[in-house]
Q: 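What follows is a single structure, and I will ask about it in a moment.
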Amino acid sequence: GGGGNGSGFSFFGISSSGTKILFLIDISGSMVGSDTGIANYQAVEAEVQKALEQLQSPATFNLLTFGAKGERYRSKMQDARGREVEQAMSWLKRQSPVPVKEKAVKAGRWKGSETFRNTPHFGTELHEALSLAFALHPDVMVILSDGGPTFMSRPNIPKLEDGTRVESAPALLAWV
């Protein structure tokens with residue numbers, strides 16, 4: 001959902017509007033693990049670009065990725081302008097799990113999700129991306145993932161107000 005009188009956009013057929021838009025994109029290896037995974041992931045990148053190109057002033061945006069950890073494109077929200085969108089998309093493409101899979105397949109070392117161990121693409125640490133997202137105070141967050149979150153980065157696990165560690169999907173939802 002969205003709020004404010006900002007820019008409208010569509011993402012895989014879901015329409016929203018707002019002035020501070022965040023896209024949280026899963027870059028875990030499972031995103032490209034299936035036979036159609038590479039094409040599907042590239043469709044995600046294309047859809048993010050399409051959505052960013054739909055944004056108009058006064059809209060701002062940021063991109064966050066999550067796999068082994070959460071990463072954000074910039075520390076602050078960015079104006080939705082041509083050059084900034086180009087730079088954001090270049091950053092997103094550098095985060096992609098596609099080259100890791102392609103290299104492993106070409107070398108005959110493809111072992112499914114195990115191929116991504118010790119890379120930024122092993123795990124689905126959504127809680128880290130959400131921590132970064134909440135600090136930006138968005139009015140719209142678009143989260144794209146193919147599965148449930150993992151909680152492997154133990155030092156960075158947030159806590160609920162009652163002190164419960166966010167180490168499960170239900171606790172994550174309560175935290176959100």
Side-chain angles (χ1 to χ4, degrees), residues 1 11-12 14 16 20-34 36-38 40-49 51-52 60-78 87-104 109-176:
F11 188 74
F12 285 112
I14 299 171
S16 190
K20 294 173 75 175
I21 318 297
L22 288 180
F23 291 88
L24 288 77
I25 306 298
D26 183 347
I27 61 164
S28 66
S30 63
M31 291 289 288
V32 296
S34 70
T36 59
I38 289 175
N40 291 345
Y41 186 82
Q42 290 169 333
V44 168
E45 290 176 341
E47 195 70 14
V48 170
Q49 182 163 356
L52 292 178
T60 59
F61 77 95
N62 210 332
L63 303 178
L64 293 94
T65 59
F66 55 100
K69 62 182 181 173
E71 296 278 339
R72 73 178 152 209
Y73 165 60
R74 300 271 195 233
S75 61
K76 297 178 182 176
M77 300 298 281
Q78 302 298 304
Q87 290 175 344
M89 288 309 303
S90 178
W91 177 84
L92 181 62
K93 289 177 182 187
R94 287 192 305 273
Q95 311 307 309
S96 173
V98 169
V100 175
K101 180 177 182 178
E102 288 177 331
K103 184 178 178 181
R109 292 190 296 243
W110 174 245
K111 297 177 184 170
S113 63
E114 194 59 32
T115 303
F116 297 98
R117 187 174 292 282
N118 301 318
T119 75
H121 311 291
F122 193 75
T124 308
E125 303 295 291
L126 176 57
H127 63 281
E128 288 194 9
L130 286 169
S131 290
L132 295 169
F134 293 153
L136 295 170
H137 307 288
D139 50 28
V140 176
M141 283 197 302
V142 176
I143 303 172
L144 187 131
S145 182
D146 68 335
T150 58
F151 301 93
M152 296 186 288
S153 60
R154 297 291 177 215
N156 297 326
I157 300 286
K159 292 182 181 177
L160 299 175
E161 288 181 14
D162 68 3
T164 303
R165 289 169 52 95
V166 177
E167 296 181 290
S168 67
L172 184 69
L173 287 172
W175 180 55
V176 169

Q: If you take all heavy atoms of Gln95 and His121, which pair is closest and at what distance?
A: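 For Gln95 and His121, the tightest heavy-atom pair comes out as O-CE1, 2.8 Å.
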Q: Could you check Val32 against Val100 for side-chain contact (heavy atoms from CB on, under 4.5 Å), going step by step and ending with a plain yes or no?
A: CA-CA 10 Å; Val32 296; Val100 175; over 6 Å; no
Q: Anything under 3.5 Å between a donor and an acceptor, one on a side chain of residues 168-176, the other on a protein residue two or more places apart or in another chain? List them.
A:
unit_1 : atom_1 : unit_2 : atom_2 : d
Ser168 : OG     : Ala171 : N      : 3.2

Q: Checking Asn40 side chain against Met31 main chain: does a donor-acceptor pair fall under 3.5 Å?
A: no
Q: Find out whether Val166 and Lys159 are in side-chain contact, i.e. whether some heavy atom of one side chain is under 4.5 Å from a heavy atom of the other.
A: no
Q: Of the non-hydrogen atoms in Phe61 and Ala88, which two are nearest, and what is the gap between them?
A: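 Phe61 and Ala88 have their closest heavy atoms at CE1-CB, 3.6 Å.
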Q: To the nearest 0.5 Å, how far apart are CD in Glu71 and CG in Leu132?
A: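 Rounded to the nearest 0.5 Å, the CD-CG separation comes out at 8.0 Å.
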Q: Evaluate the side-chain contact (heavy atoms from CB on, under 4.5 Å) criterion for residues Met77 and Leu22: first the C-alpha distance (whole Å), next the side-chain angles of each, then the deciding distance (0.1 Å), finally the verdict.
A: CA-CA 8 Å; Met77 300 298 281; Leu22 288 180; 3.6 Å; yes
Q: Is the closest side-chain heavy-atom distance between Ser96 and Tyr41 below 4.5 Å?
A: yes
Q: Check this for me: Arg109, atom CZ, are more than 12 non-hydrogen atoms of other residues, nucleotides or ligands nearer than 6.0 Å?
A: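 Counting other residues, nucleotides and ligands, CZ of Arg109 stays at 12 neighbours or fewer.
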Q: Roughly how far, to the nearest 0.5 Å, is the CD1 atom of Ile21 from the CG atom of Leu136?
A: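 Reported value, rounded in 0.5 Å steps: 12.5 Å.
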Q: If I compare all heavy atoms of Ser28 with all of Gly123, which pair ends up nearest, and what's the gap?
A: CB-O, 3.0 Å
Q: How close do Asp146 and Ser30 get, counting heavy atoms only, and between which atoms?
A: OD2-OG, 2.9 Å
Q: Heavy atoms, side chains only, cut-off 4.5 Å: are Leu52 and Leu63 in contact?
A: yes
Q: Please round to the nearest 0.5 Å and tell me the distance separating atom OG1 of Thr65 and atom CD1 of Ile25.
A: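 Here the rounded value is 9.0 Å.
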Q: Output, in order, the C-alpha distance, side-chain angles, deciding distance and verdict of side-chain contact (heavy atoms from CB on, under 4.5 Å) for Lys76 and Thr60.
A: CA-CA 9 Å; Lys76 297 178 182 176; Thr60 59; over 6 Å; no
Q: Look up atom CD in Glu47 and atom CZ in Phe23, then write down how far apart they are to the nearest 0.5 Å.
A: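 Between Glu47 CD and Phe23 CZ, I get 9.0 Å after rounding to 0.5 Å.
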Q: Which heavy-atom pair separates Ala133 from Pro138 by the least distance, and what is that distance?
A: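 Shortest heavy-atom separation between Ala133 and Pro138 comes out as O-CD, 3.3 Å.
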Q: Got a second to check how far Phe66's CZ is from Asp26's CG, nearest 0.5 Å?
A: 4.5 Å
Q: Where do Ser145 and Thr124 come nearest, in terms of heavy atoms and distance?
A: OG-CG2, 4.0 Å
Q: Test side-chain contact (heavy atoms from CB on, under 4.5 Å) on Arg72 and Trp91; report intermediate values, then the result.
A: CA-CA 10 Å; Arg72 73 178 152 209; Trp91 177 84; 5.6 Å; no
Q: Tell me every residue that passes salt bridge (charged side-chain N to carboxylate O under 4.0 Å, His left out) with Glu161, counting only those two or more places apart in sequence or in another chain.
A: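 Partners of Glu161 by the salt bridge (charged side-chain N to carboxylate O under 4.0 Å, His left out) criterion come out as none, since no residue qualifies.
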Q: State, with a plain yes or no, whether a side-chain heavy atom of Met141 is found less than 4.5 Å away from one of Leu64.
A: no
Q: What is the distance from atom CD of Gln49 to atom CE of Met89, rounded to the nearest 0.5 Å?
A: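 Reported to 0.5 Å precision, the distance equals 4.5 Å.
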Q: Looking at side-chain heavy atoms only, is the closest gap between Tyr73 and Gln87 below 4.5 Å?
A: yes
Q: Does Lys20 reach the main-chain N or O of His137 with its side chain, forming a donor-acceptor pair under 3.5 Å?
A: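 Flag set: sc Lys20 to bb His137 pair under 3.5 Å.
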